[in-house]
Amino acid sequence: MTVRTRFAPSPTGYLHIGGVRTALFNWLFARHHGGTFILRIDDTDTARNVDEALQPILDGLLWLGIDWDEGPRVGGPHEPYFQSQRADRHCLAVEALLASGHAYRDFSRPEELDLERKAAQAAGAAFIYSRRFAAMTDADCNRFIAEGRSSVVRLKMPRTGSLTIVDLVRGPVEFAWQREQDHVIQRANGSCLYHLASVVDDQDLAITHVIRAEEHLSNTPRQAFIAMSLGYKLPTYAHLPLVAEPGSRTKLSKRKLSQYLKNADFSQITDHGTRIAERVGLTVQSDTFNPVVVDFYREVGYLPWAIVNYLALLGWSYDDHTEFFSRDELISRFSLEKINSSPASFDPKKLWAVQDHYMRGATMAEKLAVMLPFLQRAGLVPSSPTAETLSLVQSIVEASGDRLKVAGDILAYADFFLVDHPLMDQAAVRLRLEKPGIGSLLGSYRKSIAELSEFSKISLEESLKKIVADAGLKTGDFVHAVRVAVTGKTVGPGLYDCLFILGRESVLRRIDSAIKLCPPATT
């Protein structure tokens, strides 16, 4: 049997971290078995579909390296891959279920169903529809229509017995039929609902394994009933553990994760994101700029494989110590048998650590490839940079070293190199430059730099230390002032790296400007 899996997102919002984990596990399972991974867009809910949300879903998956063998953009032998374009097939399935007696037309009104529901509640019993307005014959239909009623199509679910499936993650799972409602599968306007459409499409696309989130487990009885009633062979099911909030068993949500990230231990993550977003013109209040949405990590500058590697460990592990995998290693070692059924806690701090691991191990070429777009979007580097500019950026990356945690961090460490006049942090100016005597010391250092026979990091350091020693000060007292004078900020690469990269003329010009900000010398 050739393995065929699918990821079927609805274009009703942006690509959620939990959805990516589901897509990843389907992709890994298919790749591991040499099978086919299919992307299908489940867009039957036209009232909630968001056209502009589809492209980020496609782009987000491709950014992460989760490519598909059949689906939008690539086509395939089972087109179309949009559920809304398969409506004729869904309607034929409804007619087949009606003809076989596994479904019926129901002419009940909402208020009538509500009365039955309240009566069951008052009696302390589970609500089971009486089928009072079920039309089992043409005469029934005509009578209800004459009363001005409209109909939906409901499944005629069994009222006794049970269904047992063997879930590849959870083992045998039993469902009592008596707990199932007569679910609606076709609306009064003729459109079909997701549960029927999904079953029909899985059959038409020859899906062998339905690997999906735990929240869909409760949908399995009605979908299995539809499939069996239509004569389909059931796919093999695997329900993945919940992606939960950090340190919790509660489903990951946008609102709660945002609150969680405001805690002191995680503020660095959102602070990084906010600073980077503002530099490239993003609105940090937008739906995409949220840590449960994949776009957040792309916009901030995470490496895509860091995201993939971390998400693979949400509910799955190869052994009790291996954390990092190459693409080929992850594919070869992945199996559904090693998935834990317990909720998997999504921890942004752990993801941050995985990102740091991969950024430290990235080659210079890899770092430049992900960092240059941030400089270009911020207008600091042209779209077609010269060899000289590329060399300068490389020098900045080398000097910044492990301070660059995500690609967007380059903005904080490179901006003052790439402009004629750095933007001065006024708080830093007040703290470091508006001190008595600083202007005079800067003047001395400027004179020393201008007279250096060799402009190097070593000579710049020796010169500064001599001035500090002659003044009877500590080196740190003056280093911070020089940093603010030439970069406009209090943090960045090593001071002497900054001075050397900027070059003698730029350093002299910046010190001249900074001296003007210092208080005049007292006599």
For residues 417-439, which residue pairs pass the side chain to side chain donor-acceptor pair (under 3.5 Å) check, not counting sequence neighbours?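 Sorted result for residues 417-439: empty, none.
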
Using a 6.0 Å distance limit plus a 45 degree cone around the ring axis, check whether Arg298 lies over the aromatic ring of Phe296.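 No, cation not above the ring by the 6.0 Å, 45° rule.
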
Can you see whether Tyr81 has Arg40 sitting over its ring - NZ or CZ less than 6.0 Å from the centre and within 45° of the normal?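 Judged by the rule (NZ or CZ under 6.0 Å from the ring centre, within 45° of its axis), Arg40 is not positioned above Tyr81.
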
Can you see which heavy atom on [X] is nearest to which on [Y], and at what distance?
X	Y	value
Leu314	Ala344	C-CB, 3.5 Å
Trp68	Leu61	CZ3-CB, 3.9 Å
Ile57	Ser10	CD1-O, 4.1 Å
Asn340	Pro241	O-CG, 3.0 Å
Ser332	Glu329	OG-O, 3.0 Å
Pro436	Pro519	N-CG, 4.3 Å

For the residue pair [X] and [Y], confirm or rule out a side-chain donor-acceptor distance under 3.5 Å.
X	Y	value
Thr220	Arg212	yes
Asp201	Ser198	no
Arg509	Ser513	no
Ser84	Asp43	yes

Between [atom1] of [X] and [atom2] of [Y], what distance do you get to the nearest 0.5 Å?
X	Y	atom1	atom2	result
Ser345	Leu242	OG	CG	10.0 Å
Leu330	Leu24	CG	CG	6.5 Å
Tyr310	Asp347	OH	CG	5.0 Å
Arg483	Leu499	CZ	CG	9.0 Å
Tyr237	Leu168	OH	CG	12.0 Å
Leu303	Asp356	CG	CG	10.5 Å

Tell me if a side-chain donor or acceptor on [X] pairs with a main-chain N or O of [Y] at a distance below 3.5 Å.
X	Y	answer
Arg403	Ser400	yes
Ser459	Ser456	yes
Asp409	Lys405	yes
Asn26	Thr5	no
Ser391	Ala387	no

Students often mix this up, so state it plainly: with edges at 30° and 60°, are the rings of Trp316 and Tyr318 parallel, tilted or perpendicular?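 Trp316 vs Tyr318 ring planes: tilted.
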
Specify whether Phe478 and Tyr445 have parallel, tilted or perpendicular ring planes, treating 30° as the upper limit for parallel and 60° as the lower limit for perpendicular.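 Answer is perpendicular, since the angle exceeds 60°.
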
Do the side chains of [Y] and [X] get nearer than 4.5 Å, heavy atoms only?
X	Y	result
Leu473	Leu441	yes
Phe29	His209	yes
Ile449	Phe455	yes
Gln376	Pro382	no
Glu366	Met371	no
Leu336	Ile339	yes
Thr236	Val166	no
Val468	Lys474	no

Starting from the C-alpha separation in whole Å, work towards a yes-or-no answer on side-chain contact (heavy atoms from CB on, under 4.5 Å) for Glu70 and Arg4. CA-CA 10 Å; Glu70 298 178 24; Arg4 291 176 62 85; 3.0 Å; yes

Apply side-chain contact (heavy atoms from CB on, under 4.5 Å) to Leu58 and Leu39, showing your working. CA-CA 9 Å; Leu58 304 181; Leu39 178 64; 3.4 Å; yes

Determine, using ring centers only, whether Phe325 and Phe334 are less than 6.0 Å apart.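 Phe334 vs Phe325: aromatic centres not under 6.0 Å.
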
Taking the six-membered ring for Trp, is the centroid-to-centroid distance between Tyr302 and Tyr358 below 6.0 Å?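 Between Tyr302 and Tyr358, the centre distance exceeds or equals 6.0 Å.
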
Taking the basic N atoms (NZ, or NE/NH1/NH2) and the acidic carboxylate oxygens, is any pair closer than 4.0 Å for [X] and [Y]?
X	Y	value
Asp319	Lys338	no
Lys447	Glu451	yes
Asp67	Arg31	yes
Arg446	Asp512	yes
Glu461	Lys465	yes
Glu323	Lys350	yes

Going through the checks in order, is the salt bridge (Lys or Arg N to Asp or Glu O under 4.0 Å) test met by Arg377 and Glu299? CA-CA 11 Å; Arg377 287 173 64 182; Glu299 299 291 6; 3.1 Å; yes

Results of side-chain hydrogen bond (donor to acceptor under 3.5 Å, both in side chains) for Glu214 - residues two or more places apart only: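 Expected list: Arg170.
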
Under the salt bridge (Lys or Arg N to Asp or Glu O under 4.0 Å) rule, what do Arg6 and Asp202 come out as? Steps first, then yes or no, please. CA-CA 8 Å; Arg6 49 81 167 169; Asp202 283 348; 2.9 Å; yes

Mind running side-chain contact (heavy atoms from CB on, under 4.5 Å) on Ile41 and Phe7 for me, showing each step along the way? CA-CA 8 Å; Ile41 306 302; Phe7 176 55; over 6 Å; no

How far apart are the C-alpha atoms of Phe416 and Cys498, what are their side-chain angles, what is the distance that settles it, and do they pass the side-chain contact (heavy atoms from CB on, under 4.5 Å) test? CA-CA 9 Å; Phe416 56 83; Cys498 290; 4.0 Å; yes

More than 12 heavy atoms from other groups under 6.0 Å of CG on Leu423: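 No, not enclosed.
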
